[in-house]
Q: 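Quick one: the structure is below, and I'll ask about it shortly.
Every chain is numbered from 1 and lettered A, B, ... according to where its sequence line falls, protein lines coming before strand lines.
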2 protein chains.
Amino acid sequence: MDAGPFPFDVYEDQCPTRMVLDRLADKWALLLMLRLADGPLRFNQLRRDVKGISQKVLSQTLKKLERDGLVTRTVYPTVPVTVEYALTPLAQTLREPVEALTRWAESHMDAVQAAQQAYDAGAAAR
Amino acid sequence: MDAGPFPFDVYEDQCPTRMVLDRLADKWALLLMLRLADGPLRFNQLRRDVKGISQKVLSQTLKKLERDGLVTRTVYPTVPVTVEYALTPLAQTLREPVEALTRWAESHMDAVQAAQQAYDAGAAAR
DNA sequence: CGGCATCCATACCGATACTG
DNA sequence: CAGTATCGGTATGGATGCCG
């Protein structure tokens, strides 16, 4: 049986790849990494830029990304304190795949929305 | 102001791209599309293949994918009924970006896990 | 076989208040 | 500025039972 093009079976539970994929399959994590791709940002700047994220979720997500080795957190002893978040080299290698995904979303969102409307129209007809 | 490399600002709330990205940022949706990339499958086959997914979530996710125009649902009037799910041409164009992401996960999961252990060790020290 | 309906636990998330 | 802590509503997901 063909287990796909991957050495590990991504469909298996407990597959390490799936755990990593799990983290990437996070709306805010993806958006934050995209935002940081252009350069380091401070906490509240990030909060303002990525609209709709709450301070709590921002904090939690950044901590996860830091734990995964995708983001560094640097504290500058100014008054008041300044904290800067930046992508690690590891995260830089992730940039292209993620941007490929957003490019797909950009160029196909109209097709998706058309499909949704057609689907909803069909559902409403019944 | 630079809104990034995209015509729409993906960081904006209500951005259509972000809505699409939202759907893609779904663990099960990604795994199901990967599984269907090799060819159409029936409901319970999909359920067995993608380990850990419950029948409820599988059903919900497939319905979302169908609504987004990414998956087709075909019913064959056999006894008992046979239902086959397949990727649409639209989803085919998504295949490469998604597989790029899984390839990244494959090749960098060890780095991620190492980062996690280092992070946890540092946290435990305090 | 391929679901849907229901119940229930818990995970999540926003709002708010407080701190170094 | 950059968080942590707590509370409460909501969404999510598993388990179970039933149906065409």
Q: Would you say A:Leu21 and B:Leu31 make side-chain contact, with heavy atoms under 4.5 Å?
A: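 Yes - at least one pair of side-chain heavy atoms lies under 4.5 Å apart.
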Q: Indicate yes or no: does B:Asp120 engage A:Arg67 in a salt bridge with an N to O separation below 4.0 Å.
A: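 Result for this pair is yes, salt bridge flagged.
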Q: Go along nucleotides 10-20 of chain C 5' to 3' and tag each nucleotide: B for a protein heavy atom under 4.0 Å from its base, S when only backbone or sugar atoms are that close, - otherwise.
A: ---BBB----B
Q: How close or far is atom P of D:dG3 from atom CG of A:Leu41, stated in whole angstroms?
A: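 One finds 13 Å between P of D:dG3 and CG of A:Leu41, rounded.
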Q: To the nearest angstrom, how far is B:Leu62 atom CG from C:dC4 atom P?
A: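 It is 10 Å, rounded to the nearest whole Å.
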Q: Choose from C:dC4, C:dG2, D:dC1 the nucleotide whose nearest atom is closest to any side-chain atom of B:Ser59.
A: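 Looking only at side-chain atoms, B:Ser59 lies closest to C:dC4.
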Q: C:dA5 C1' sits how many Å from B:Lys63 NZ, rounded?
A: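 Atom NZ in B:Lys63 sits about 11 Å away from atom C1' in C:dA5.
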Q: Between A:Asn44 (CG) and D:dC1 (C1'), how many Å, whole number?
A: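 Answer to the nearest Å: 6 Å.
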Q: If you look at every strand shown and take non-hydrogen atoms under 4.0 Å, does B:Arg42 touch a base, only sugar-phosphate, or nothing?
A: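 Sugar-phosphate: the residue B:Arg42, judged by heavy atoms under 4.0 Å, touches backbone atoms but no base.
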Q: Between D:dA11 atom C1' and B:Asp22 atom CG, what is the distance in whole Å?
A: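 Answer to the nearest Å: 14 Å.
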Q: Specify the closest pair of heavy atoms between A:Leu90 and B:His108, including all atoms of both residues, with the distance to one decimal.
A: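 The answer is CD1-CD2, 3.5 Å.
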Q: Regarding B:Asp49 and B:Gln45, is there a side-chain donor-to-acceptor distance under 3.5 Å anywhere?
A: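 Looking only at side-chain atoms, B:Gln45 and B:Asp49 do form a donor-acceptor pair, the distance falling under 3.5 Å.
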Q: Compute whether any side-chain donor of one residue and acceptor of the other, for A:Glu106 and B:Thr17, lie under 3.5 angstrom apart.
A: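 There is such a pair (donor and acceptor under 3.5 Å, judged by atom type) between the side chains of A:Glu106 and B:Thr17.
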Q: Round to a whole Å and report the spacing from CG of B:Leu58 to P of C:dC1.
A: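 Interatomic distance, CG of B:Leu58 to P of C:dC1: 14 Å.
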Q: Using five pairs at each end of the helix from C:dC1-D:dG20 to C:dG20-D:dC1 to define an axis, what is the angle between those two axes, to 10°?
A: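 So the angle between the two local helix axes works out to 50°.
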Q: Looking at B:Arg47, does any N or O in its side chain come under 4.0 Å of the phosphate oxygens OP1/OP2 on C:dC1?
A: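 No, B:Arg47 has no side-chain N/O under 4.0 Å of OP1/OP2 on C:dC1.
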Q: With a 3.5 Å distance limit and no angle check, can you tell me whether A:Thr82 reaches the backbone of A:Thr78 through a side-chain donor-acceptor pair?
A: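 No, A:Thr82 side chain to A:Thr78 backbone: no donor-acceptor pair under 3.5 Å.
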Q: What is the distance from NZ of A:Lys27 to P of D:dA11, rounded to the nearest Å?
A: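 About 14 Å, once rounded to whole Å.
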Q: Rounded to whole angstrom units, what separation is found between the OH atom of B:Tyr76 and the P atom of C:dG3?
A: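 Those two atoms, OH and P, are 13 Å apart.
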Q: Measure the shortest side-chain to side-chain distance between B:Arg35 and A:Tyr11 over non-hydrogen atoms and say whether it is less than 4.5 angstrom.
A: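 In contact.
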Q: NA contact type, A:Tyr85, heavy-atom cut-off 4.0 Å: base, sugar-phosphate, or nothing?
A: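 Contact class for A:Tyr85: sugar-phosphate only.
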Q: Without placing hydrogens or testing angles, list every side-chain donor-acceptor pair under 3.5 Å for residues 52-60 of chain A, not counting sequence neighbours.
A:
residue, atom, partner, partner atom, Å
A:Ser54, OG, A:Val57, N, 3.2

Q: Taking C-beta and beyond as the side chain, do B:Val71 and B:Leu36 meet within less than 4.5 Å on heavy atoms?
A: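 They are in side-chain contact.
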